[in-house]
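Letters A, B, ... mirror the listed sequences (proteins, then strands); counts begin at 1. Source: prediction; values computed, not measured. Scope of the values below: all heavy atoms of this structure, side chains included, with no hydrogens, waters or symmetry mates.
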Protein chains: 2
Amino acid sequence: MPTTPDQKLWTRTRQAVHAEVARTAMELFLSRGFEATTIDDIAAAAGISRRSFFRYFGTKEDIVLGDLAAQGELIRKELEARPADEDAWTALLNALRDAPRLGQDDATMLKISKMLYETPSLRARSIEKHLQWQALLTPEIRRRLGVAPDDEDDLRADAIVACMLACLDIAGEAWTRSNGSRSLEELVLSAVAAVRPSAPDPRRS
Amino acid sequence: MPTTPDQKLWTRTRQAVHAEVARTAMELFLSRGFEATTIDDIAAAAGISRRSFFRYFGTKEDIVLGDLAAQGELIRKELEARPADEDAWTALLNALRDAPRLGQDDATMLKISKMLYETPSLRARSIEKHLQWQALLTPEIRRRLGVAPDDEDDLRADAIVACMLACLDIAGEAWTRSNGSRSLEELVLSAVAAVRPSAPDPRRS
DNA sequence: TGACTGATTGACACTCAGTGCCAGACAGGC
DNA sequence: GCCTGTCTGGCACTGAGTGTCAATCAGTCA
């Protein structure tokens, strides 16, 4: 019956509780707001003790943003798998486009996204996660550009990754402002087009 | 005797106390670390009550980053004053270069900078400030590009400003890693060069 | 000089996030 | 049945940040 076959019972129950707490908490957040929901509320609703909550989530923000860390890893994997003849920008764009999405359907994502832009502490944490993505993706872009991993003087890879993520960010913000009516991918492309050096023979794939 | 001529005594003492508390707090931060310094420590060292501290600074982070908000306004002013025939990138670069610096000498700035990159809560707040800069500078770049201020569809200005600030950020990080040995301006230029679309006849001024 | 106004102050109590510690419950291997 | 390692709830604690209130003090007007 278990989705993930034979694992220690501990591991399975732990994952189940984790998911259940996250689900309960997100319901509370979306109904009464992130800041108005206390950890005690969540723990009570999920039927665990306050102390145990902190054994599953380091902070309240992690409930909302926990997936982002994993998502970064998925993007890195996707980026590594891009063909070697794609330039840095194209590879990044394709990796972002093709990386499997974690999380909910679009309608829920929009609600979460709105909450994120309205809540300073969430916004701050989400940008911290973007910094983690940057640290994750930069080595791969360095490799692609033929820059040594420890070359402190060459900022080209860092700049490209940072700008790509900045474009992703403003595109996400625009997507949220448009209530999800516009295509995120097109928004990202239009943002990148404004800064990307005249594309050197881009592959259309 | 007062530096700022005739103002209400209240205003003058308030500014004096503000500056004194900030100075005292920065000393504590630099000697024993940001997180290891509590608000009670600061209040005690500055000779005011804990409650009064929060009447001068909303958060502990504001002591370190309070200047950044004002700095953003200075950059915006500088940007507005750039000649109309400079393209967006050049105008931004020159505004960042010429805006008057608030804050300490380079050695202290380096210490603060190191502390900033080592302390997650400070890092998060500083990026929030960068977002404020972005909101501040984008309208001016929109104007320069001839984009209507309320045009939600055109992300070009947003993208350029966001990428410029991203470049400033990674340059600042590289500057800090190099212990201030490299020129921040050159680092910014080299980062921007990696992403800026082939400069349309850049003015060298 | 004295009364009034308004901003500032310290003290106290409070909420909430997050951590350390400890004793008990419980699954799994022997 | 015993031992081991993990998870759990409860309790106490720190530290940030807020609301409230009475006392203080600069500035003003009479």
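- Here A:Tyr56 pairs with nothing under the ring-ring contact (aromatic ring centres under 6.0 Å, His included) rule; sequence neighbours left out.
- For B:Asp98, the salt bridge (charged side-chain N to carboxylate O under 4.0 Å, His left out) partners two or more places apart in sequence, or in a different chain, are B:Arg82.
- A search for salt bridge (charged side-chain N to carboxylate O under 4.0 Å, His left out) contacts involving A:Arg142 returns A:Asp158, not counting sequence neighbours.
- Regarding contacts with the backbone of C:dA7, every side-chain N or O of B:Arg14 stays at 4.0 angstrom or more from both OP1 and OP2.
- Residues from residues 112-125 of chain B that place a heavy atom under 4.0 Å from any atom of DNA chain C: there are none.
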Could you give me the CA-CA distance, side-chain angles and deciding distance for B:Thr24 and B:Val21, then say whether side-chain contact (heavy atoms from CB on, under 4.5 Å) is met? CA-CA 5 Å; B:Thr24 311; B:Val21 172; 5.7 Å; no
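- Computed from coordinates, the B:Phe53 CZ to C:dA11 C1' distance equals 18 Å when rounded to whole Å.
- For the contact set between residues 24-49 of chain A and DNA chain D, defined by any heavy atom under 4.0 Å, the members are A:Ile48, A:Ser49.
- Residues meeting the salt bridge (charged side-chain N to carboxylate O under 4.0 Å, His left out) test with A:Glu118, sequence neighbours left out: none.
- Partners of A:Arg55 according to the side-chain contact (heavy atoms from CB on, under 4.5 Å) rule, which considers only residues two or more places apart in sequence or in another chain, are A:Arg14, A:Arg51, A:Ser52.
- B:Pro120 is linked by a side-chain contact (heavy atoms from CB on, under 4.5 Å) to A:Glu128, B:Glu35, counting only residues two or more places apart in sequence or in another chain.
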Sort me out a list of protein N/O and nucleotides 19-22 of chain C N/O pairs below 3.5 Å, or just none if empty.
unit_1	atom_1	unit_2	atom_2	d
C:dG20	N7	A:Arg51	NH2	3.0
C:dG20	O6	A:Arg51	NE	2.6

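- Counting to the nearest Å, the P atom of D:dG15 and the CD atom of B:Glu61 are 15 Å from each other.
- Checked against side-chain contact (heavy atoms from CB on, under 4.5 Å), B:Leu168 has the following partners two or more places apart in sequence or in another chain: B:Leu96, B:His130, B:Trp133, B:Leu165, B:Val188.
- Nucleic acid contact class of A:Tyr56 (heavy atoms, under 4.0 Å, all strands): sugar-phosphate only.
- Scored by the side-chain contact (heavy atoms from CB on, under 4.5 Å) test, B:Ile141 finds B:Leu79, B:Ala88, B:Leu92, B:Arg144, B:Leu145, B:Ala157, B:Val161 as partners (sequence neighbours excluded).
- Shown here are the salt bridge (charged side-chain N to carboxylate O under 4.0 Å, His left out) partners of A:Asp106, two or more places apart in sequence or in another chain: there are none.
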